[in-house]
Amino acid sequence: MNKSSSEPLFAYSSVEERTFFVDLILPIPVPRLFTYRVQREMNGLIKIGARVIVPFGKSRVMTAVVASLHNQPPQNYQARYVLELLDEYPLVTGYQLQLFDWMSTYYMCCVGEVLNVALPSGLKITSQSKVQYNPDFDYPELLTEQEAALIDELRKQPALSYEEVGRLVGEINVPTLIKSLVGKRAVIVFDEVKEKYVPKMVRKVRLNPRFEDPEELVALIHRLEKLPKQQEVVMRYLSHVPLQRSPALNQIGLDKTLLNKDDELSSSSLATLIKNGVFDTFELIQPRFSQTFAPQGEIKLTSAQQAASDQVMGHFADKDIVLFHGITGSGKTEVYIDLIQKVLAGGSQVLYLLPEIALTTQIVVRLQKVFGDKMGIYHSKFSDNERVEVWKGIVSGQYQFVVGVRSAVFLPFDNLGLIIVDEEHETSYKQHDPAPRYHARDVAMMMAHWQQAKVLLGSATPSMESYYQAKQGRYGLVELFQRYGDANLPFISLIDVKKERHQKTMKNEFSSVLYQALSDNLERGEQSILFQNRRGYSPYIQCEDCEWIGQCPNCAVSLTYHQRAAELRCHYCGHKELVPKLCPVCGSTKVKTVGYGTEKLEDQLQILFPDARIQRMDLDTTRAKNAYQQIIQEFETGNVDILVGTQMITKGLDFGNVSLVGIFDADRIIHFPEFRATERAFQMMTQVSGRAGRRADRQGRVLIQTANPTQAVLAKIIDNDYHALYSDEIVERQNFNYPPFSRLIKLTVRHTDQRISKRAADKLRLDLADKLGDERVLGPEEPLVERVRNQFLFDILIKLEREKINFKAVKAFIQECITNILTDKGLRQVSIVIDVDCL
DNA sequence: AGCACGCCGACT
DNA sequence: GTCGGCGTGCTC
C-alpha cells in the first residue's frame with residue numbers, strides 16, 4: 001500500500017538524492033524550532049522564508065515558515081513530512097527571520113509568538129476537519145438512533161464541517177459523536193486546508209471583440225434600434241469606454257455595477273445582451289487601494305521647515321538616528337514628506353510609523369495626496385485581506401512606502417532607506433498584552449540598523465530616553481520651535497478649583513472661568529475641546545449610608561458607572577452588571593455616583609448649554625468601524641460645538657476653528673503612581689493644548705482645572721518649556737536609577753490562589769536576588785490592580801544598569817529562575833509574564 | 001497554544 | 001457502574 005516504504009533502500013544512494021530537512025518556525029509558544037522532512041520532489045523548490053503546511057501533533061495541521069534547510073536527520077526521532085509548499089518565492093525575508101530571532105531573545109519569548117503577531121492572519125492557514133460518509137460502511141445495526149439520522153444526512157452531501165454537523169444534530173457533543181462514528185467505520189474524517197486570503201474580485205463586462213470593428217459596432221447599434229433599453233445600455237457603455245477613439249480600451253472593460261447601477265430594467269437588458277453574446281463578462285482581481293490618486297504636485301516648505309529637513313539630512317551623514325523635536329503645529333509632516341521623497345527618489349523603501357489612533361486621521365489623507373497609490377497603509381482597522389495585500393505589495397515591489405501602526409515593523413522590507421517613528425514618545429508603540437511585548441520604536445531601530453537605513457524619531461514632547469540619547473550625542477538632534485504659518489502658541493492658564501469650590505462658583509465640574517469661556521466661544525461660533533482622561537459616567541458608585549462601593553467580582557477595581565448603557569462595567573475584564581436600585585448591603589436607596597468621566601461631563605454640558613451641539617469621543621463611542629472618522633468629520637465640518645473626549649482626542653488632530661481647550665482633573669494625571677507620571681502629564685497636557693488655535697489670526701486658550709496650581713509641572717506646561725522638564729526630570733531618573741539610566745524587566749506572577757501566587761513570587765525574587773543582588777530586584781509587589789480576571793498578581797521589577805552588564809547572561813539567568821519555579825511541584829501552575837523594557 | 005491521556009467525583 | 005471534570009505532558 002505505502003509506496004515509499006516498499007522502495008528498495010539503495011535507490012537513495014544514487015548521486016544527488018539527498019533527503020532534505022527543514023527547520024520550521026511554528027506559530028505556537030514553544031521555545032524551539034521543529035524539524036521536518038522534505039519530499040524529494042520539493043527539494044529544489046523549497047526556500048528559506050517560504051510557508052509550508054505541516055502535520056503537527058495528533059490532529060493538527062499548521063502553517064509554518066522555513067527558517068533553514070539542511071540534511072542532518074534528527075537524532076532521537078523520526079521527522080515527519082512537509083505536506084505542502086505554499087510559496088514559490090519566500091514570503092518572509094531574511095531580515096525578517098533575523099528580526100524574529102532577535103526579538104525572541106531580546107524580549108524573552110518564543111519565535112512562534114513573534115511569528116504569530118508578525119504574520120497577518122490571512123497568511124496563516126486554517127485547517128478545517130470535514131466529515132464524510134464512508135461508502136464501504138455496511139453495519140448500520142451498530143448505530144444509535146441519532147447516529148443513524150446523521151448518517152442519512154451525510155449520505156446526501158459530499159462532506160460536512162464540524163459546525164455543520166453540530167447544526168444538524170443540535171446542542172450535543174459533536175467531537176464525541178464523530179469519534180464514535182469513526183470507530184464504527186461509518187464516516188471518514190479528513191482535513192481541508194485552505195488559504196484564508198481571498199482576493200477581492202470585480203465583475204467586469206466588455207463588448208465582444210468583434211464590435212471593436214467600428215462597422216460592426218455601428219451595425220449593432222442599428223440592430224438595437226427597436227430595443228431601446230438594450231441600446232441604452234450599449235450607449236452607456238460607450239460613454240464610459242470611448243471605443244471610437246481607441247478600440248483597445250474595450251479590453252479593460254467596465255465595472256458591471258457601473259452599467260446597471262440604477263434600475264432593474266437595465267440590468268435585465270444587460271443580462272440579455274450578455275446572453276446574446278454582445279457583451280462578455282470577466283473577473284479581475286482588484287487591488288484594495290485602487291482609488292488611483294494622482295500625486296498632487298509639490299509641497300512647499302517654509303524656510304524653517306526646509307532648514308529642519310536640511311539639518312536632518314546633515315545629521316544622517318554621520319548619525320543613524322535623528323531625533324526631531326518640533327513643537328505641535330510646527331508642521332513636522334511637511335518635513336517628513338520632503339525626506340520621504342528624497343529617499344524614495346534614491347530607490348530605497350520608507351516606513352512611516354504612527355500610533356494607532358493618529359493613523360486614522362488627516363495625516364494619511366495628506367500623505368495620500370502626495371504619494372497616491374504608491375503608498376501602502378497598514379492598520380488594524382483594515383481587514384485582514386487588506387493587510388495581506390500590503391504585505392504582498394511590498395514583496396512584489398508595488399509599495400515602496402508604507403504608513404502603518406506598531407505591527408508594520410514586521411513587513412517584508414528588504415531595502416529600507418528610512419524609518420520614521422512619529423510621536424516617538426507614544427506608549428502605544430509598546431505592545432502590552434500578548435507576547436512579544438515589543439517596542440516598535442526599538443524594533444524599528446534594530447531593523448534599520450541591519451538594513452543600513454536611517455531612523456527619524458519625531459515628537460513635540462520626546463521621551464526622556466530619546467532626548468537623553470540625543471543629548472549624549474548618540475542621536476542627531478533637530479529642534480523646530482516655530483509654529484507653522486506663524487500661528488500663535490495657545491495661552492494656557494490654571495484654574496484653582498479648590499478656591500472656586502470654596503467660593504461656590506463651580507457649576508458641577510465646571511469652574512466659572514471655564515464656563516464663561518465656553519459660553520463666549522459658543523457665541524462666537526468657535527469650537528471647544530474638553531479633555532477628561534476617563535471614560536464612563538463616574539468611576540464608581542457608592543452607598544451614602546453604609547459606604548458600600550460597587551466592585552468587579554473578578555478584579556480588584558471598582559465598577560465604572562455607564563449611564564447610557566445603564567450598567568456597571570469593569571474596565572479591566574469587561575464584566576458588566578445592572579445598576580442596583582438599592583444598596584445590596586444595607587438596602588438604602590441612597591446609592592450615588594462618585595467622580596466623573598466623559599459621559600457625565602457630556603451630560604452636565606447639555607444641561608449648562610442646552611443649545612450647544614456636543615459630541616463625545618472615547619472608547620465607547622468609537623467602537624463601531626468608522627465611528628472615529630465620522631466623529632472627526634462631524635467636528636471638522638462644524639456640526640459640533642464642543643467635543644468631550646479622552647486620550648484619543650489628543651492625537652494629531654488638526655482643526656482650524658478650535659480656540660478653547662479645557663483640561664479636567666489635571667491632578668489625577670500628575671499624581672499617577674508611576675515614575676513616568678510627570679513626563680506623561682507634560683506630554684498629555686501639551687498635546688491637548690496643541691489642539692487650540694492652530695491658526696495665525698487668533699490665539700487659542702487652554703484652561704487647566706487643578707486643585708493645586710503651584711505644582712511644578714504645570715508651570716512648565718504653561719511655558720511650553722520642554723527643556724526645563726527634561727533637565728529636572730533627568731536628574732530624578734538618575735537619582736533613582738530609572739531609565740534611561742537603567743533597563744527594566746518586569747515579571748508578573750499570576751495564579752488564582754493568592755497564597756500560591758505570593759509563594760511563587762517570593763521564591764522567584766529570592767532566586768533572582770541571589771545572583772543579581774538585592775538592589776537590582778524589587779518586589780514582589782501587588783500591582784495597582786492586584787486581581788484581574790480572578791488571577792492574583794505580583795510584580796517583580798528587575799533594574800539593570802546600562803553599563804557593564806551582560807544582558808544576554810542576565811536574561812538567561814532570569815529564564816533559568818523562571819523555569820526553576822515552573823518545575824516546582826507546588827508552584828508549577830502559576831504563569832509568569834516577562835515584560836522587557838516595560839513602561 | 002491545543003490536544004490527548006489519565007485519574008478522581010456526581011449522576012443514569 | 002459511566003460521563004466528564006481538568007491536571008500533566010508533548011508536539012518534529
Side-chain angles (χ1 to χ4, degrees), chain A residues 4 19-39 42 46 48 50-85 100 104 107-119 121 123-129 144-147 162-163 169 171-180 182-183 189-191 193 431 433-437 750-753 756-757 760 789-791 818-834:
Chain A
S4 62
T19 311
F20 274 86
F21 292 89
V22 279
D23 286 346
L24 303 180
I25 306 172
L26 294 178
I28 47 165
V30 177
R32 71 195 125 117
L33 299 179
F34 289 85
T35 307
Y36 282 80
R37 284 178 78 173
V38 177
Q39 231 113 30
M42 234 183 255
I46 197 163
I48 289 174
R51 292 171 307 150
V52 291
I53 295 174
V54 290
F56 187 70
K58 278 219 151 174
S59 56
R60 277 193 293 169
V61 175
M62 281 200 280
T63 329
V65 170
V66 179
S68 70
L69 303 168
H70 58 88
N71 51 9
Q72 292 139 21
Q75 304 275 292
N76 328 309
Y77 57 88
Q78 184 71 43
R80 297 171 80 177
Y81 275 107
V82 169
L83 294 179
E84 228 176 300
L85 176 60
F100 296 168
S104 68
Y107 290 108
M108 302 178 73
C109 65
C110 309
V111 232
E113 291 174 308
V114 181
L115 183 71
N116 232 349
V117 298
L119 239 42
S121 53
L123 289 177
K124 296 171 208 163
I125 290 276
T126 43
S127 82
Q128 222 187 1
S129 293
T144 66
E145 209 173 297
Q146 189 175 39
E147 288 172 350
Y162 274 49
E163 290 109 68
V169 298
E171 293 296 311
I172 62 142
N173 195 336
V174 178
T176 321
L177 174 69
I178 291 173
K179 213 163 141 190
S180 154
V182 171
V189 173
F190 64 95
D191 279 323
V193 180
Q431 169 143 323
D433 202 16
R437 299 180 169 74
R750 301 188 317 196
H751 194 268
T752 45
D753 184 331
I756 294 178
S757 193
R789 289 168 207 273
N790 278 324
Q791 299 248 323
I818 290 172
T819 319
N820 191 20
I821 298 289
L822 263 24
T823 47
D824 184 309
K825 274 196 295 293
L827 308 172
R828 61 180 5 151
Q829 314 94 317
V830 299
S831 62
I832 298 173
V833 172
I834 312 172

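In what follows, every chain begins at residue 1, and chains take the letters A, B, ... in the order their sequences are listed. Just so you know, these numbers use all the heavy atoms, side chains as well, and skip hydrogens, waters and symmetry mates.
Distance CZ (Arg37(A)) to P (dC12(C)): 14 Å, rounded to an integer number of Å. Whole-Å rounding puts the Leu24(A) CG to dC12(C) P distance at 11 Å. Regarding Met62(A), its CE atom lies at a distance of 10 Å from the P atom of dG2(B), rounded to whole Å. Rounded to whole angstrom, the span from the CZ atom of Phe34(A) across to the P atom of dC12(C) amounts to 7 Å. The nearest whole Å value for the distance from the CD1 atom in Ile756(A) to the P atom in dG7(C) is 11 Å. Across the protein-nucleic acid pair, Gln78(A) atom CD and dC12(C) atom P stand 12 Å apart, rounded to whole Å. Atom CG of Leu822(A) and atom P of dG7(C) are 16 Å apart (whole Å). Protein atom CG of Asp753(A) is 13 Å distant from nucleotide atom P of dG7(C), rounded to whole Å.
For Arg60(A), the side-chain atoms get nearest to dT11(C) when compared with the rest of dT8(C), dC12(C), dT11(C). Of all nucleotides listed (dT11(C), dC12(C), dG9(C)), dT11(C) comes nearest to the side chain of Val30(A).
With Arg37(A) contributing its side chain and Pro73(A) its backbone, the two residues share no donor-acceptor pair below 3.5 Å.
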Test log, rule side-chain contact (heavy atoms from CB on, under 4.5 Å), inputs Ile25(A) and Leu33(A): CA-CA 5 Å; Ile25(A) 306 172; Leu33(A) 299 179; 3.6 Å; yes
Leu85(A) and Val52(A): CA distance, side-chain angles, deciding distance, side-chain contact (heavy atoms from CB on, under 4.5 Å) verdict: CA-CA 5 Å; Leu85(A) 176 60; Val52(A) 291; 3.9 Å; yes
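Using a 4.0 Å cut-off, some side-chain N or O of Arg80(A) falls inside it from OP1 or OP2 of dC12(C). Taking only side-chain nitrogens and oxygens, Tyr36(A) comes nearer than 4.0 Å to OP1 or OP2 of dC12(C). Within the 4.0 Å cut-off from OP1 or OP2 of dC5(B), at least one side-chain nitrogen or oxygen of Lys58(A) is found.
Residue Arg828(A) is in sugar-phosphate contact alone, with no base atom involved, counting any heavy-atom pair closer than 4.0 Å across all strands shown. Looking at heavy-atom distances under 4.0 Å, Pro74(A) makes no contact with the nucleic acid at all.
Ring planes of His70(A) and Phe21(A): parallel class, angle under 30° (limits at 30 and 60°).
Across all their heavy atoms, His751(A) and Ile756(A) have their closest contact at CE1-CD1, 3.6 Å.
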